[in-house]
Number of protein chains: 2
Amino acid sequence: MERASGYVQIGEAAARAGVTQRTLRYYEELKLLSPASRMEGGFRLYSPDDLERIIYIKNLRDTLGFSLAEIKEMIEAEDARNQLKHELHQTDSLEPRRARLQQLREVALRQMRIVNEKRQRLKEMRAHIQDRIDRVDALLREVADREVDTIPR
Amino acid sequence: MERASGYVQIGEAAARAGVTQRTLRYYEELKLLSPASRMEGGFRLYSPDDLERIIYIKNLRDTLGFSLAEIKEMIEAEDARNQLKHELHQTDSLEPRRARLQQLREVALRQMRIVNEKRQRLKEMRAHIQDRIDRVDALLREVADREVDTIPR
DNA sequence: TCGATCTTTCACGTGCACGTCAATGTCCGG
DNA sequence: CCGGACATTGACGTGCACGTGAAAGATCGA
């Protein structure tokens, strides 16, 4: 199951991430996952980093409701940053690189705004739900009061 | 357009809420909206309260990623509470009522847990994105430093 | 080497949340 | 009372995010 070193094939990967094999192949099709390395026979191999990314995607989708297209944008921004980081030390034209960095910064800021907005909405919802709980509790107390009224003992 | 008193028909309602007419009919089909009153000819009439509910649903779906099924559950819980509130003063069997209230409380608590979990996830994401911004900024400073190196003036 | 258990690539199916006609009916200003 | 705008109910279509076989090949333990 474990191939020495943390590489696993699709069955294990899917089980550990809590998704199906179909989902992993689909994400690869959408280029959300780098095509994953393969063994000689063509079986996919997933690294621990791949596993982390899969779980990251799952969180973004299941608990936050981002579409796979949005997630792809986010991941691409991150990948681009990592690549730029490694390219930076080969001296090259500076101005285009600077422009790209600025662009990455914009994308990140946009995502930050989206996330903050969602958090704000959730905060409002929380207050709303708490209000409902309080009101139900008030009604429960009212019912409790009637009980001691009608069945005093 | 305005029918005296805030009632509007489906075109206006859809426009104001930022959804389509199809969406409103679909929500009605799913019983997310009380069938709304109708005029003699059968045209739907939406009250300001209906409008508010539509926007509430839109927020839950678009910006928070809840499914319409989940939203229906939330709304039903709220409607049930409102109804119970008005029924409470007609003296009636107390124990079943108490059970219902407890059930409503459970639903609300479950929703609260879901919301808190989502907020926590968003908090993690925010930190993650901030980290990316910081790293991009570091790279930008690095590029800026090179500029003064190579083009000193 | 053989068989059981994966994994591969098509390819069609599905549930959700609507979109998009089409045919018909209603409302209202002139 | 009539024309044009707006509405009604079907019913089929669509995009997304997978589900579900089917047929074939790969891997591994006995």
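So that the names make sense, note that chain A is the first sequence line, chain B the second, and so on, each numbered from 1. All of these numbers come straight from a predicted model, not from anything done at the bench.
With rounding to whole Å, Arg25(B) atom CZ is found 8 Å from dA7(D) atom P. Here the C1' atom of nucleotide dA26(D) and the CG atom of Leu45(A) are 13 Å apart, to the nearest Å. Put simply, CE on Met39(A) is 17 Å from P on dG25(D), counting in whole angstrom units. Whole-Å rounding puts the Glu28(A) CD to dT8(C) C1' distance at 11 Å. Between the CD1 atom of Ile10(B) and the C1' atom of dT26(C) there is a distance of 14 Å, rounded to whole Å. If you measure from atom CD of Glu29(B) to atom P of dG10(D), you get 10 Å, rounded to the nearest angstrom. Atom CZ of Arg38(B) is separated from atom C1' of dA7(D) by 10 Å (rounded to the nearest Å). Atom pair Gln9(B):CD and dA5(D):C1' shows a separation of 10 Å (rounding to whole Å applied).
Remark: Lys118(B) qualifies as a cation-pi partner of Phe66(B) under the 6.0 Å distance and 45° angle criteria applied to the six-membered ring.
At least one donor-acceptor pair under 3.5 Å links the side chain of Asp50(A) to the backbone N or O of Ser47(A).
Looking at Asp49(A) and Arg53(A), no side-chain N of the basic residue comes within less than 4.0 Å of a carboxylate O on the acidic one, giving no salt bridge. Ion pair Glu117(B)/Arg121(B) flagged as a salt bridge, since at least one NZ, NE, NH1 or NH2 atom sits closer than 4.0 Å to an Asp/Glu carboxylate oxygen.
Among all heavy-atom pairs drawn from Ala13(A) and Leu24(A), the shortest one is CB-CD1, 4.0 Å.
Out of dT9(D), dT27(D), dT7(C), the shortest distance to the side chain of Glu40(A) is found at dT27(D).
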Polar atoms only, N or O, under 3.5 Å: list the protein pairs with nucleotides 19-25 of chain C and their distances.
from: dG19(C); atom 1: OP2; to: Thr20(B); atom 2: OG1; distance (Å): 2.6
from: dG19(C); atom 1: N7; to: Arg22(B); atom 2: NE; distance (Å): 3.3
from: dG19(C); atom 1: O6; to: Arg22(B); atom 2: NH2; distance (Å): 3.2
from: dT20(C); atom 1: O4; to: Arg22(B); atom 2: NE; distance (Å): 3.2

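Residue Glu52(A) places its CD atom among 12 or fewer non-hydrogen atoms of other residues, nucleotides or ligands, all under 6.0 Å distant.
Between Tyr26(A) and dG19(D) there is no side-chain N or O to OP1 or OP2 distance below 4.0 Å.
Contact annotation for Arg44(B): backbone-only contact, meaning every heavy-atom pair under 4.0 Å involves sugar-phosphate atoms and none involves a base.
Both Ile10(B) and Leu30(B) are assigned to one and the same hydrophobic cluster, defined by single-linkage of ILVMFWY side chains at heavy-atom distances under 4.5 Å.
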Taking it one step at a time, do Gln120(B) and Asn116(B) satisfy side chain to side chain donor-acceptor pair (under 3.5 Å)?
CA-CA 6 Å; Gln120(B) 187 58 33; Asn116(B) 282 335; over 6 Å; no

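Shown for residues 56-72 of chain B: no residue has heavy atoms falling under 4.0 angstrom of DNA chain D.
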